[in-house]
Number of protein chains: 2
Amino acid sequence: MNNLLSIFKALSDKNRIRILLMLSKKKLCVCEIQDILGVTVSTVSKHLSILRDIGFIADEKEGKWVNYSLNTASKDIVLNQIILILPFYLNDDELIQSDFEKVNTVCRKDLCNV
Amino acid sequence: MNNLLSIFKALSDKNRIRILLMLSKKKLCVCEIQDILGVTVSTVSKHLSILRDIGFIADEKEGKWVNYSLNTASKDIVLNQIILILPFYLNDDELIQSDFEKVNTVCRKDLCNV
DNA sequence: GTATAATTTCGCTAAGTAACGAAATGAGAT
DNA sequence: ATCTCATTTCGTTACTTAGCGAAATTATAC
């Protein structure tokens, strides 16, 4: 029950939903997600830790960066179903479409090393 | 997006999950649900209004009482999927099993008219 | 080894929400 | 028509949580 509640609580935030859908398109690092969401790095990091703890996403080091990716191989029924359903539900959403465009053009090297 | 968020927020509460699963077994009135959950009537009423507004449940008058029932015919993809998945996920949950037993024995006439 | 840069953690504030009791509502029963 | 009783709404309190900036951490690159 508590596990299930954690899943729904994790999904009760607009920015976390946006992150999940971004990651369904492409692996991203924290600073790229920050750029797209328009919130501070610490806030993004907090959201990512919530999504990671549940098993929605996975992280992996690549040079200086940590790449986050969607975990499509979860054994959890609810997690799997949610990840399948989300795109059908939100592909037409204006904000999500705008996020998708940014995902394609975002460049971590421009964002950092200022 | 906001619709989806409302759905997940509605599901982010233990008592609302319990209510949904109770109603999957039997139609219940507010005072019966109150007895099983062990919270005040006003709290139950608030939970029910949240679930009703989204379309998870429906209400219907019967004499003095309002019967609440699970809306299994929702056109919403997420709502439908959630209602299908919840039992698989929680049938083994201790609290839910205890709720199910109480659902079978609860009697609204004993609860009211004290 | 030290410097650099991305990420995480910490302390705080503001907004949101579950719970309660009391008052208001509304429909059935007399 | 009035009374009764289930239910809803209102006002309040306590708790949770998203967001921020600063400090701490971690690991790469020189």
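A note on names: the letters A, B, ... follow the listed sequences, proteins ahead of strands, and every chain is numbered from 1.
Rounded to an integer number of Å, the gap from A:I19 CD1 to C:dT7 C1' is 14 Å. Regarding A:I33, its CD1 atom lies at a distance of 14 Å from the C1' atom of C:dT8, rounded to whole Å. One can place CZ of A:R18 at 10 Å from P of D:dG19, the figure rounded to the nearest angstrom. To the nearest angstrom, C1' of C:dA6 lies 12 Å from CD of A:E32. To the nearest angstrom, P of D:dA6 lies 20 Å from NZ of B:K27. Distance A:L5 CG to D:dT17 C1': 15 Å, rounded to the nearest Å. Distance CZ (A:R16) to P (D:dG19): 8 Å, rounded to an integer number of Å. At whole-Å resolution of the value, CG in B:D35 and C1' in D:dT7 are 16 Å apart.
Side chain to side chain, A:S42 and A:S45 fail the donor-acceptor criterion of an N or O pair below 3.5 Å. A donor atom on one side chain and an acceptor atom on the other are not found under 3.5 Å apart for B:E60 and B:N67.
If you check every strand for non-hydrogen atoms under 4.0 Å, B:V41 touches a base. B:K46 comes within 4.0 angstrom of no nucleic acid atom, judged by non-hydrogen atoms across all strands.
Listed nucleotides C:dT8, C:dA19, D:dT7 differ in distance to B:C29; the shortest reach to its side chain belongs to D:dT7. Looking at the side chain of A:I50, the nearest of the listed nucleotides D:dT28, D:dG21, D:dA18 is D:dA18. The listed nucleotides are C:dT17, D:dA27, D:dT8; the one nearest the side chain of B:K9 is C:dT17. Of the candidate nucleotides C:dA5, C:dT9, C:dG21, C:dA5 has the atom lying nearest to any side-chain atom of A:K64. When distances run from any side-chain atom of B:W65 to the nucleotides D:dT7, C:dT8, D:dC20, the shortest one goes to D:dT7. Of the listed nucleotides (C:dA6, D:dC20, D:dT7), D:dC20 has the atom at the smallest distance from the side chain of A:T43. In the set C:dT9, C:dA19, D:dT28, the nucleotide with an atom closest to the side chain of A:S45 is C:dT9.
When the side-chain nitrogen and oxygen atoms of A:Y68 are compared with OP1 and OP2 of C:dT8, one or more of them lie within a distance under 4.0 Å. The phosphate of C:dT8 has OP1 or OP2 within less than 4.0 Å of a side-chain N or O from A:R52. Between D:dT17 and A:H47, no contact under 4.0 Å exists linking OP1 or OP2 to a side-chain N or O.
Considering only heavy atoms from C-beta on, B:K26 stays 4.5 Å or farther from B:M22 through its side chain.
Positionally, the nearest nucleotide of DNA chain D for B:L48 lies more toward the 5' end than for the other of B:L48 and A:V39. Position along DNA chain D of the nearest nucleotide to A:D13 versus A:E62 favours A:D13 as the more 5'-ward residue.
Atom CG of A:D59 and atom CG of A:L51 lie 11.5 Å apart (nearest 0.5 Å).
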Side chain to side chain contact (heavy atoms under 4.5 Å, CB included) between B:N91 and B:F100: does it pass, once the steps are laid out?
-> CA-CA 9 Å; B:N91 265 347; B:F100 282 167; 3.5 Å; yes
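At a cut-off of 3.5 angstrom, counting only N and O atoms as typed in the model, there is a donor on one side and an acceptor on the other between the side-chain of A:S42 and the base of D:dG21.
Remark: B:K27 is not positioned above the aromatic ring of B:Y68, lacking an NZ or CZ atom under 6.0 angstrom from the ring centre and at most 45 degrees off the axis.
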